[in-house]
Amino acid sequence: MAMHFIFSDEVVLLFDFWSVHSPAGVALSVLVILLLAVLYEGIKVGKARLLHQALTSLSISTSQQLIEETDQHSTSSDSPHVSRTRLRWFLCHFGQSLLHVAQVVIGYFMMLAVMSYNTWIFFGVVLGSGVGYYLAYPLLSMT
Amino acid sequence: MRTAKVRKKESSADSTFPGKMGHFHHVGMSMGMSSGDDNSTMAPSHHHPTSSASHSHSHMMMMMPMTFYFGFKNVELLFSGLVINTAGEMAGAFVAVFLLAMFYEGLKIAREGLLRKSQVSIRYNSMPVPGPNGTILMETHKTVGQQMLSFPHLLQTVLHIIQVVISYFLMLIFMTYNGYLCIAVAAGAGMGYFLFSWKKAVVVDITEHCH
């Protein structure tokens, strides 16, 4: 394996079927890697937003529950409400874990793509990270 | 042109990849390849079955897989003595890598929690300052953070070193391109995040209201 960056028209990326031998193929591979990097940045922002949404919605629901409790003094209506909140929290956290797995896998894929030592692919990763950050991070401070 | 021909030969050999890998790895290990020696030293004394011995590139191309594969024959894992040869050993390695990835996620979240706990203790330094009319005023400075030699900071540093080492190990494991081990890394990370971040989110909920 060549241990330095090269400009080449041939590259084999990640899987056996992903081997390209022409400039058009390399350009398409760079585009795919770029979109993958944009997706990576988007997932990072998406996880934070999901957590924020879950916390705000669940804190609202627990405060509503407290208001109901003080008004009605009834313990029988508690349990379905509590279990519903817990179920929603569980689902939200499970979704976040899936997003985390996707983030880990895509991060490793990008590392392996850079390890191919093809300079065009490296540019695609760097540019994709930049574009992804540019597009996704303003969405973080929304709501 | 010549290098393209060599590469095409490699791609045909790659389909029988695990078998050929075994042959090379057997020779490679005896020459201490895992210690990072120069691969070209293997070329003169190694007899390549499919091409002439002058192709030193072919040995280097076959040493490290560059695409994902599923197999458990002759899989080198991180250290020179650790070679997986059977399905049972692969299952054990899968569990070990899974637990390592889970431990990594837990360590990340534990460090976050420790940092937050040690920074909640805000230190107030009161200093006497001369006032305008000759009176002495007490000026209080609020400092949030850690001293260099305090125990929390030293503990954070040690945990940081452990975290860096484990993250590089996980990267190297993923770099073996073995499908089973990569799935173990991803699943362990997901499970660890699920188990440890559950508690963290509850803690964040409580403390966020105070800030």
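- Considering only heavy-atom pairs separated by less than 4.5 Å from chain B, the leading option among A:Met111, A:Gln103, A:His100 is A:His100.
- Separation of atoms CD (A:Gln96) and OG (B:Ser197) is listed at 6.0 Å; rounding is to 0.5 Å.
- Atom CE of residue B:Met66 and atom CH2 of residue A:Trp18 lie 13.0 Å apart, to the nearest 0.5 angstrom.
- More than 12 heavy atoms of other residues, nucleotides or ligands sit less than 6.0 Å from atom CZ of A:Phe7.
- Atom-to-atom distance recorded for A:Phe17:CZ and B:Phe68:CZ is 10.5 Å, nearest 0.5 angstrom.
- Within residues 172-191 of chain B, the residues approaching chain A closer than 4.5 Å by heavy atoms are, in numerical order, B:Phe174, B:Met175, B:Tyr177, B:Val185, B:Ala186, B:Ala189, B:Gly190.
- Within a 6.0 Å radius of CZ in A:Phe94, no more than 12 heavy atoms belonging to other residues, nucleotides or ligands are found.
- Residues B:Tyr69 and A:Phe15 place their aromatic rings such that the two centres sit no closer than 6.0 Å.
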| For A:Tyr108 and B:Leu170, what are the C-alpha separation, side-chain angles and deciding distance, and is it a side-chain contact (heavy atoms from CB on, under 4.5 Å)? | CA-CA 10 Å; A:Tyr108 276 122; B:Leu170 289 175; 3.3 Å; yes
| said: Working note: B:Thr67 + A:Val12, criterion side-chain contact (heavy atoms from CB on, under 4.5 Å); need CA distance, chi angles, decisive distance, verdict. | reply: CA-CA 8 Å; B:Thr67 53; A:Val12 178; 3.5 Å; yes
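- By the neighbour-count criterion of 12 heavy atoms within 6.0 Å, atom CZ of A:Phe5 is densely surrounded, having more than that number from other residues, nucleotides or ligands.
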